[in-house]
Amino acid sequence: MSGLLSEQEYLDPLLVFSQAYKEYTIKEFDYFMSGMVYLSMGISDHIPEKNIINPYIHLMKMLDAAHLILQRRSKKRIAGNHPEEGERYIKS
């Protein structure tokens with residue numbers, strides 16, 4: 001299940017981070033996160049001046065991509081540490 005990721009992003013999760021950081025700086029993501037915390041605390045009824053939807057989409061995609069990266073790294077590590085188990089499953 002790829003969540004918000006396109007097929008290309010699912011195959012290469014690092015592409016998600018590359019695209020996100022082309023569009024927004026880390027400082028802008030920090031500003032976005034601060035704004036989201038501020039709004040979620042119910043301190044202000046005002047709509048934020050900046051568009052918060054696009055950074056949100058990038059953030060969700062980065063979380064999906066990070067999960068895939070960790071999951072794939074874990075699978076590689078397990079396969080590398082226990083080749084006989086991997087062979088057993090392949091033969092079955």
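The first residue in the sequence is number 1, and the count goes up from there.
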### Message
Any heavy-atom pair between the side chains of R72 and L68 that's under 4.5 Å?
### Response
yes
### Task
Kindly write out the residues that satisfy side-chain hydrogen bond (donor to acceptor under 3.5 Å, both in side chains) with Q8, not counting sequence neighbours, or none if the list is empty.
none
### Task
Could you list the residues that satisfy side chain to side chain contact (heavy atoms under 4.5 Å, CB included) with M33, not counting sequence neighbours?
L59
### Task
Give a yes or no on whether the backbone of T25 and the side-chain of E28 come within a donor-acceptor separation of less than 3.5 Å.
yes
Name every donor-acceptor pair, under 3.5 Å, that has one atom in a side chain of residues 11-19 and the other anywhere in the protein, sequence neighbours excluded.
none

### Task
Please lay out, stage by stage, how F29 and M62 fare under the test side-chain contact (heavy atoms from CB on, under 4.5 Å).
CA-CA 12 Å; F29 275 111; M62 287 191 295; 3.8 Å; yes
### Query
S74 side chain to L70 main-chain N or O, any donor-acceptor pair under 3.5 Å?
no
### Summary
Per side-chain contact (heavy atoms from CB on, under 4.5 Å), M60 is matched among I57, L63, D64 by L63
